[in-house]
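Everything on this sheet refers to the single structure shown next.
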Amino acid sequence: LLHACLLGGLSPKRCINLVSFACMRQDYKLANHYLEQAASIDPSHPQLQVISDLVVKQSSSLSQQTFAPSWNVPELKEQ
């Protein structure tokens, strides 16, 4: 996707895809950056408000999510 943006330029569709990827990583600052980019290209895009609302909702529920700081990995033995 980043290659497509580099080669073909930013578009609202590509920015919205980048918002989705940033949200998957829980990087809401970057998600908002791409939302701003999309809005600067096409402020009337029909999905901007929907996506913006989702980013706000996900970022506000962040405190409810917890991740294990370490993983329990079983020892593997050769046979």
Side-chain angles (χ1 to χ4, degrees):
L1 183 57
L2 290 174
H3 286 259
C5 291
L6 183 63
L7 296 173
L10 287 176
S11 69
K13 182 178 178 179
R14 290 180 182 139
C15 287
I16 289 171
N17 282 331
L18 289 168
V19 169
S20 297
F21 288 145
C23 285
M24 284 185 234
R25 295 178 42 228
Q26 296 181 350
D27 188 346
Y28 300 108
K29 185 174 181 179
L30 185 60
N32 283 316
H33 169 77
Y34 287 126
L35 271 173
E36 291 172 7
Q37 291 288 318
S40 71
I41 297 167
D42 183 5
S44 64
H45 192 281
Q47 293 297 315
L48 283 179
Q49 189 60 49
V50 173
I51 299 297
S52 178
D53 292 345
L54 286 172
V55 171
V56 169
K57 182 179 177 182
Q58 286 183 1
S59 64
S60 66
S61 69
L62 181 64
S63 61
Q64 298 173 5
Q65 299 178 0
T66 59
F67 293 93
S70 63
W71 295 73
N72 293 326
V73 180
E75 186 178 328
L76 299 176
K77 297 179 183 179
E78 289 187 37
Q79 295 182 348

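These figures come from a predicted structure and were not determined experimentally.
- Judged as a salt bridge (charged side-chain N to carboxylate O under 4.0 Å, His left out), not a single pair has a partner in residues 70-79 (not counting sequence neighbours).
- Closest heavy-atom contact between L10 and C15: CD2-SG, 3.9 Å.
- Y34 contributes atom OH, which lies 11.5 Å from atom CG of N17 (distance to the nearest 0.5 angstrom).
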Could you list the donor-acceptor pairs under 3.5 angstrom formed between side-chain atoms of residues 45-55 and any protein atom two or more places apart in sequence or on another chain?
from	atom 1	to	atom 2	distance (Å)
H45	ND1	Q47	N	3.1
Q49	NE2	D53	OD1	2.8

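- Distance check, rounded to the nearest 0.5 Å: OG of S40 to CG of L35 gives 11.0 Å.
- Minimum interatomic distance between A31 and C23 (heavy atoms only, all atoms of both residues): CB-SG, 3.9 Å.
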Open item on the list: Walk me through whether R25 and L30 qualify under side-chain contact (heavy atoms from CB on, under 4.5 Å).
Closed with: CA-CA 10 Å; R25 295 178 42 228; L30 185 60; 3.9 Å; yes
